[in-house]
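To start, the structure under review is shown below, and the notes come after it.
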Protein chains: 2
Amino acid sequence: MLPTSIPSLDAAAALAARERIDQLTKPVGSLGRIEELAERLAAMHGGLPPLYDRRAIVVGAGDHGVTAEGVSAYPSEVTPQMVGAFLGEFAAINAFARVARAEVFVANFGVASELPKHPRLLDRSVGRGTRNLAREAAMPVDHVAAALEAGAHAFADVEARVQPEIIALGEMGIGNSTSAAALICAFTGAEADDVVGRGTGVDDDALRRKQQVVADAAKRVEELDWRSVVAEIGGYEIVGLAGVLLAAASRRVPILLDGFIVSAAALVAQQIAPEAIGYCVAAHRSRELGHAIALRHLGLVPLLDLDLRLGEASGAALAFPLCEAAARMVREMKTFAQAGVATAHAPIEA
Amino acid sequence: MLPTSIPSLDAAAALAARERIDQLTKPVGSLGRIEELAERLAAMHGGLPPLYDRRAIVVGAGDHGVTAEGVSAYPSEVTPQMVGAFLGEFAAINAFARVARAEVFVANFGVASELPKHPRLLDRSVGRGTRNLAREAAMPVDHVAAALEAGAHAFADVEARVQPEIIALGEMGIGNSTSAAALICAFTGAEADDVVGRGTGVDDDALRRKQQVVADAAKRVEELDWRSVVAEIGGYEIVGLAGVLLAAASRRVPILLDGFIVSAAALVAQQIAPEAIGYCVAAHRSRELGHAIALRHLGLVPLLDLDLRLGEASGAALAFPLCEAAARMVREMKTFAQAGVATAHAPIEA
């Protein structure tokens, strides 16, 4: 199920888009990041980007044994409660999804409790929450491949339902910013103090505990291969989302990355198939410390900077309209010649 | 027609919105700028913001005699040509308006040539282009009040047609970044070299000429009252847009400001009724030099930073979805208590 290869980005399509963009009725380069986005989307699709009528959001969910260390402001039972809120459509991501006319799916990759069935809940659970990464491996090493597979299956589920032309990735999992921080340290070489933030809002004591847990975990995995690193410290939803990302990239579907946790998932995907990151768009820069470090390592520059730190794909959802704007710009604007407008260098008589 | 007073922002409504936001199922403050936006919009509306089903864009158009100094990369005939493109719906602003489901109106405040009639062209012309501000006053002093009135009428025209719940302001006028730069220098005290940018893309020689024109003009108006400053260096569309802004604020309609030129219009409005700026949202930070200076003087922090420098309201239009997101957040999300989700401090049994 997990793709064996990622198609190359289409450099010719990007060039054709750029050439068209430079002839549209506007000063060259005057739409800045939107132009650059249109060019990148063209490279992903292998032609002009579609208007993105079909949009999906995949929120990966999982629990984390490391919450036993007192590293989170919220208790673990909030994970299934928030999954219920997403499916009941009264959480932040649902409000933002309505703005973007996107459908919200929740993929259960490893929630500790039993979840009631729901048409938009994709049951792809690999384990009932990770073990406490501060004391032992978070998951057995064969669960890494299983969670990646689960992600690919979740993407296939979504594809079968709505055939998305673009997807946004988000997450829910109390404790997962500890796991994500450890992965970011492990894969970028950054120090725990530069990566560990307050997550959903821990106090100073919990922050110090969290920094220690992350520093110890990063140290422990220093010499390991990526798969063992992920088994030691990864979360089920983080690895599952890496699988969704790889599957979407293999199908040339652009992927809007949400914040800190999803960037850790992208770093896992980058270990497996670096070319998959070419299909990713960093939707926003989170307020969470260390997100910028992860984005730099992915080679991505975020579109938005709105001081968000919620997760759920809330920041990613806000970037759908920018992708539509980029697509409409390159598809719907006329060129100077088509419009009969004078250019800077070749005036046309009025 | 021009409003005689601007209603006070509703502090109680802002506080009620903030109290609700802090109880929604998310960590306090985790939606950053979107929360702050919801609070500000509540203060403007005097209650929870609507979902903004009715959105309008007003592009003010005018010509500038200062183009005779060779300060622009494009010839003046591009102004009416681009107005034609907006009305023909194949310009950048039309593409972005479709994303936001907003209706585009063009207000002719002072285009030099005759414009063909069109249902979405508001004919509120005060003069056939300004005189060359480098040599003489841009407009007679009584045209300042007339252009403000014309703006108020243009807003009333739009109100009669679509009853907008929110508007975005943009502009078209070859040469207007010179006029705007001079106004920004005059009203903020900034130096020409810190404010004058390349506009639509002038070369080094033209940039030096433009800096000189702006520095001379700013010097010339140093001792004048605001009305005389505007008569000396203002553009018809800039003053007209200030009138639109004042009229919208008087009706408690939030105003999305586009870039550099529109910020000059806001500075003019600020001279007349500083409280009107409380109804403004800075949609984005333009790449044009000096925009940040104008925004600081207005006390506004931009939402987006996408390296745009086009004008037309293109940046403003991209911020409509963020306003809708803010409104949906505060209206559609449930509180922790309503949702039965455990909070950080008061866990609920799962």
Side-chain angles (χ1 to χ4, degrees), chain A residues 24-34 73-75 77-78 80-82 84-85 88 90-92 94-96 98-100 113 200-201 287 303-312 314 317-318 320-322 324-325 328-329 331-334 338-344 347-350, chain B residues 24-34 73-75 77-78 80-82 84-85 88 90-92 94-96 98-100 113 200-201 287 303-312 314 317-318 320-322 324-325 328-329 331-334 338-344 347-350:
Chain A
L24 300 175
T25 50
K26 58 172 192 52
V28 169
S30 60
L31 286 176
R33 300 289 314 277
I34 299 293
Y74 288 80
E77 61 258 37
V78 168
Q81 287 168 351
M82 287 306 301
F90 47 81
N94 306 102
F96 290 5
R98 277 178 212 112
V99 176
S113 54
T200 49
R287 203 191 322 172
L303 289 169
L304 300 166
D305 191 351
L306 295 167
D307 246 355
L308 311 179
R309 55 178 178 84
L310 175 59
E312 301 182 4
S314 53
L318 293 177
F320 281 120
L322 299 178
E324 182 183 343
R328 288 194 184 272
M329 173 193 71
R331 284 192 168 269
E332 298 179 350
M333 282 182 70
K334 284 193 183 173
Q338 288 169 332
V341 172
T343 65
I348 290 172
E349 288 302 310
Chain B
L24 299 174
T25 49
K26 56 171 193 53
V28 169
S30 60
L31 286 175
R33 300 290 315 276
I34 299 294
Y74 289 80
E77 62 257 38
V78 167
Q81 287 168 350
M82 287 307 300
F90 47 80
N94 307 101
F96 290 5
R98 277 179 212 109
V99 175
S113 54
T200 48
R287 203 190 326 175
L303 288 169
L304 300 166
D305 192 351
L306 294 167
D307 246 356
L308 310 180
R309 53 177 179 86
L310 175 60
E312 302 182 2
S314 52
L318 293 178
F320 280 119
L322 299 179
E324 181 183 343
R328 288 193 184 272
M329 172 194 69
R331 284 191 167 270
E332 298 178 350
M333 282 181 70
K334 285 194 183 172
Q338 288 169 332
V341 172
T343 65
I348 290 173
E349 290 300 310

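Proteins come first, then strands; the chains are lettered A, B, ... in the order of their sequence lines, and each starts at number 1.
For the side chain to side chain contact (heavy atoms under 4.5 Å, CB included) test with A/L304, the passing option among B/L303, B/L304, B/L306 is B/L304; the others fail.
In terms of heavy atoms, A/L310 sits closest to B/K26 at CD1-CB, 3.6 Å. Shown here for A/A325 and B/L318, the closest heavy-atom pair between the two residues is CB-CD2, 3.6 Å. Residues B/L31 and A/A92 share a closest heavy-atom pair of CD1-CB, 3.9 Å. Considering every non-hydrogen atom in both A/A339 and B/F90, the closest pair reads CB-CE1, 3.4 Å. Nearest heavy atoms, B/T25 versus A/E312: O-OE2, 4.3 Å.
Contact tally against chain A (heavy-atom pairs below 4.5 Å) for B/M329, B/Q338, B/R331, B/M82: the top residue is B/M82. Put simply, of B/D305, B/L308, B/I34, the one with the most heavy-atom pairs under 4.5 Å next to chain A is B/L308. Counting heavy-atom pairs under 4.5 Å between each of A/A91, A/G84, A/G88, A/G201 and chain B puts A/A91 at the top.
Partners of B/D307 under the side-chain contact (heavy atoms from CB on, under 4.5 Å) rule, at least two apart in sequence or in another chain, are A/R33, B/R287. Considering only residues two or more places apart in sequence or on other chains, A/R328 meets the side-chain hydrogen bond (donor to acceptor under 3.5 Å, both in side chains) condition with A/E324, A/E332.
With a 4.5 Å cut-off on non-hydrogen atoms, A/T200 touches chain B through its backbone and its side chain both. The contact between B/L322 and chain A is made entirely by side chain atoms (from C-beta outward), counting heavy-atom distances below 4.5 Å.
Between A/P27 and B/Y74, the closest side-chain pair of non-hydrogen atoms falls below 4.5 Å.
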